2 protein chains.
Amino acid sequence: MQYKEAKNKFVQTWGALGSQWGINKTMAQIHALLMVSNEAVSMEDIMEELQISRGNASMNLRALMDWGIVYKEYKAGERREFFTAEKDLDELAVKISKERSKREIKPALKVLKEVSSIDANASAEEKHFVEQTTKLYDFVLQADNVLDKITEYKDNWLAQLLVKFLK
Amino acid sequence: MQYKEAKNKFVQTWGALGSQWGINKTMAQIHALLMVSNEAVSMEDIMEELQISRGNASMNLRALMDWGIVYKEYKAGERREFFTAEKDLDELAVKISKERSKREIKPALKVLKEVSSIDANASAEEKHFVEQTTKLYDFVLQADNVLDKITEYKDNWLAQLLVKFLK
DNA sequence: ATAAACTTTCATTTTTTTTTGAAAGTTTAA
DNA sequence: TTAAACTTTCAAAAAAAAATGAAAGTTTAT
């Protein structure tokens, strides 16, 4: 396989994977493109490589910057803007999970807490509802915390060992 | 908040959360409904509660069963079929992550391996591509394994301790 | 202050995904 | 074997999400 073909395949695959996880295809593709580029890329070049419109490029770059995983870069003597991706994968994972947590998990947790707090009358049905949503709340809360904690302990030798062990 | 209101809110929220993670809304809603029902529910009742068509209900129930997180149940003397959800949350998490791994991560890994295996000519550009996709392969592979391993070790006292510690 | 070089916005169009519903299929009881 | 009671399938319709592109906005150099 040639470089160009490989690059294209990678970008397409990353785009498809993104879609399946609720991230829009173009956004994932732009990200993929920037991930494997060794230097910052202009909007023009992104449009050209992915065959997308200016508006599309602009909006998805904005979204990627909002996620904190793509940065603007300015080159001396150049008017236009260039873009690079966060290339440290640990850092990338942390940022993505923090954002998803903030945007999606935390609001869901709030609702779970609310609905699990109704006072169930004696009916088995209502009891089961409260029980199940309470369990779900605890579970989601815990899952939401795990990555945070792993990150937190990352500099810690013991944790390093544990993480290694679990792998 | 009343039970009915709470239940509805939960179902809606779970549906919205699903959408954001690439799971179709109705599928997530049916799942939510079954999760908090203390007894198996007929297709008719699902249609009624979620205000969806027969076809929609049928297809999404099939999908949930393919994921292994919803089961058919037969009641003595009843012709129609009833449905229940896997209610053990650890089991649920394992099944979902296994399925997503099989359907989405594994194929992506295959591509990553492929594209990272091109032999880069001397150009910095191609070198960077190979380097980055290789790192990505390793990273995704590792992430893909973590949950498996945690599950595997679940009965193991040491792992229990570690898991507890990491929380 | 002007204009060139660029980016952003957003109403409209296009594409993709989901849903519908009626026909076909299946199972069970008599 | 027939028919009633139910489920599945899938082409067509509807809804939702994403993309376009032109106008508006910004920045910079002169």
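Only a predicted model underlies this, so the values are computations on that prediction, with no experimental measurement involved. Lettering follows sequence order; numbering is per chain, from 1.
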*How do B:Ser19 and B:Leu61 order along DNA chain D: which one's closest nucleotide is nearer the 5' end?*
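That would be B:Leu61.
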
Q. If you draw the axis of the six-membered ring of B:Trp21, does the NZ or CZ of A:Arg100 fall within 45° of it and under 6.0 Å from the ring centre?
A.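 Cation-pi check for A:Arg100 and B:Trp21: passes.
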
Nearest-Å distance, [atom1] ([X]) to [atom2] ([N])?
X       : N      : atom1 : atom2 : result
A:Glu44 : C:dA5  : CD    : P     : 12 Å
B:Met47 : C:dG21 : CE    : P     : 10 Å
B:Ile23 : D:dA17 : CD1   : P     : 15 Å
A:Leu50 : D:dA19 : CG    : P     : 10 Å
A:Leu64 : C:dT8  : CG    : P     : 13 Å
B:Gln20 : D:dA17 : CD    : C1'   : 14 Å
A:Met59 : D:dG25 : CE    : C1'   : 15 Å
A:Asn60 : C:dT8  : CG    : C1'   : 13 Å

Taking only the side-chain nitrogens and oxygens of [X], find out if one of them lies under 4.0 Å from OP1 or OP2 of [N].
X       : N      : answer
A:Asn24 : D:dA19 : yes
B:Lys72 : D:dC6  : no
A:Ser58 : C:dT9  : no

So which nucleotide from C:dT19, D:dT7, D:dT20 ends up closest to the side chain of B:Met43?
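It is D:dT7.
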
Side chain of A:Arg80 - closest among D:dT8, C:dC6, D:dT20 =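 For the A:Arg80 side chain, the nearest candidate turns out to be C:dC6.
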
Looking for any heavy atom pair under 4.0 Å, which part of the strands does B:Glu81 touch: base, sugar-phosphate only, or nothing?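 It contacts sugar-phosphate atoms only.
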
Touch check for A:Arg79, heavy atoms < 4.0 angstrom, all strands: base, sugar-phosphate only, or nothing?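 Base contact - A:Arg79 has a heavy atom under 4.0 Å of at least one base atom.
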
| task | Determine whether the side chains of A:Thr26 and A:Asn60 contain a donor N or O and an acceptor N or O closer than 3.5 Å. | result |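 A:Asn60 and A:Thr26 do not have a side-chain donor-acceptor pair below 3.5 Å.
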
Q. With a 4.5 Å limit on heavy-atom distance, are the side chains of A:Asp90 and B:Phe139 in contact?
A.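 In contact.
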
| message | Nearest heavy atom decides the nucleotide; on that basis, is B:Asn56 or A:Arg62 closer to the 5' end of DNA chain C? | response |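 First, find each residue's nearest nucleotide; the 5'-ward one identifies A:Arg62.
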
Residue whose closest nucleotide on DNA chain C lies nearer the 5' end, A:Lys25 versus A:Glu78 |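 The answer here is A:Glu78.
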
Assess whether atom CZ of A:Arg62 is packed by more than 12 heavy atoms of other residues, nucleotides or ligands within 6.0 Å.
->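 Count not over threshold, so no.
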
Quiz prompt | Chi angles and distances behind the salt bridge (Lys or Arg N to Asp or Glu O under 4.0 Å) call for B:Glu114, A:Lys9 | solution = CA-CA 9 Å; B:Glu114 264 175 59; A:Lys9 191 164 191 177; 2.6 Å; yes

